[in-house]
There are 2 protein chains.
Amino acid sequence: MTAVTVQCCAPIAREPLTEDDAAELAVLLKAVADPVRLRLLSMIGSHAGGEACVCDLTAAFDLTAPTISHHLKVLRTAGLIDSERRGTWVYYWIIPSAVARLGELFTPLAEPASV
Amino acid sequence: MTAVTVQCCAPIAREPLTEDDAAELAVLLKAVADPVRLRLLSMIGSHAGGEACVCDLTAAFDLTAPTISHHLKVLRTAGLIDSERRGTWVYYWIIPSAVARLGELFTPLAEPASV
DNA sequence: TCCATAATTCGAAATCTATCTAAATTATAC
DNA sequence: GTATAATTTAGATAGATTTCGAATTATGGA
């Protein structure tokens with residue numbers, strides 16, 4: 001036998017969020033609620049080797065370097081990505097646990113009761 | 001034996017999002033990237049009976065009725081909640097599949113390889 | 001039919017966000 | 001030193017967002 005668990009509801013729907021928790025969560029969600037940042041996140045995450053050079057990222061958009069830099073900083077401040085300089089270039093990678101935490105907010109806690 | 005699955009990565013990080021997909025997703029994420037709407041969503045979802053009256057929701061905030069109405073409309077337009085008038089009052093409930101879809105974006109597809 | 005209440009819609013004000021240009025700054029390689 | 005990659009800063013602008021008060025719609029009861 002496997003799952004005794006009950007498909008309840010996303011953590012966000014189990015009990016009302018406090019005002020403070022909601023404010024904090026909104027900051028995290030705002031970080032990903034932008035088309036450019038979503039693409040940056042997915043480009044970084046899907047890049048070979050798990051990391052991407054800013055030079056590649058900037059080249060993929062029709063935006064200036066300062067603008068890309070700004071978006072990367074928003075993602076970084078939110079704790080979703082991290083970076084390191086190696087020689088001339090700066091590389092970014094995803095922090096999987098942070099992204100997973102986002103997912104857990106909306107995902108039912110338990111597996112569906114075995115069908 | 002249970003899981004042969006590999007913990008890969010969130011769908012968002014498997015391959016780069018197209019510009020169109022990113023734009024569409026951003027709309028959905030923007031809907032939840034607001035403290036008031038997050039609280040509304042969690043209040044509706046955690047309310048006894050699975051639905052909540054606008055009158056209860058409005059009373060819980062220090063905001064006017066039109067403002068709450070606006071936020072409910074954003075959530076509704078995003079497909080996250082639905083509503084029905086019953087007599088004098090209007091009731092809202094969560095659309096679980098829509099909320100779950102949000103979660104799936106950031107959740108690793110597979111269970112962790114059995115430890 | 002008229003009135004009171006619940007909720008939404010409308011229109012406007014204040015604020016925030018994304019983006020640019022341009023310039024300055026930092027770090028590294030040659 | 002000089003060139004390149006990237007970030008930061010400042011100021012500017014266009015557009016989106018949050019919020020309100022007033023007007024509107026829908027319903028139930030006197």
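A sub-4.0 Å separation between OP1 or OP2 of D:dT18 and a side-chain N or O of B:Arg37 is present.
Atom pair B:Leu72:CG and C:dT8:C1' shows a separation of 10 Å (rounding to whole Å applied). In this structure, CH2 of B:Trp89 is placed 10 Å from P of D:dG28, rounded to the nearest angstrom. Rounded to an integer number of Å, the gap from CG of A:Leu40 to P of D:dA6 is 13 Å. Rounded to an integer number of Å, the gap from B:Lys73 NZ to D:dT18 P is 14 Å. Rounded to whole Å, the distance from OH on B:Tyr91 to P on D:dT27 is 14 Å.
Through direct or indirect side-chain contacts shorter than 4.5 Å among Ile, Leu, Val, Met, Phe, Trp and Tyr, B:Trp89 is connected to B:Tyr91.
Between A:Lys30 and A:Ala65, the residue anchored nearer the 5' end of DNA chain D, judged by the nucleotide with its closest heavy atom, is A:Ala65. In terms of position on DNA chain C, the residue among B:Tyr92 and A:Thr88 whose nearest nucleotide sits closer to the 5' end is B:Tyr92.
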Worked check of side-chain contact (heavy atoms from CB on, under 4.5 Å) between A:Ile81 and A:Trp93: CA-CA 6 Å; A:Ile81 58 177; A:Trp93 59 88; over 6 Å; no
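With sequence neighbours excluded, the residues forming a side-chain contact (heavy atoms from CB on, under 4.5 Å) with A:His47 are A:Ala52, A:Asp56, listed by chain and number.
For the atom pair B:Leu40 CG and B:Leu80 CG, the distance stands at 12.0 Å (nearest 0.5 Å). Atoms CG and OG1, from B:Asp62 and B:Thr67 in turn, are 10.5 Å apart once rounded to the nearest 0.5 Å. The CG atom of A:Leu57 sits 10.5 Å away from the OG atom of A:Ser69 when rounded to the nearest 0.5 Å.
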Protein N or O to nucleotides 19-26 of chain C N or O, pairs below 3.5 Å:
from, atom 1, to, atom 2, distance (Å)
C:dT19, OP2, A:His71, NE2, 2.1
C:dC20, OP2, A:Thr64, N, 3.3
C:dC20, OP2, A:Thr64, OG1, 3.2
C:dC20, OP2, A:Thr67, OG1, 2.5

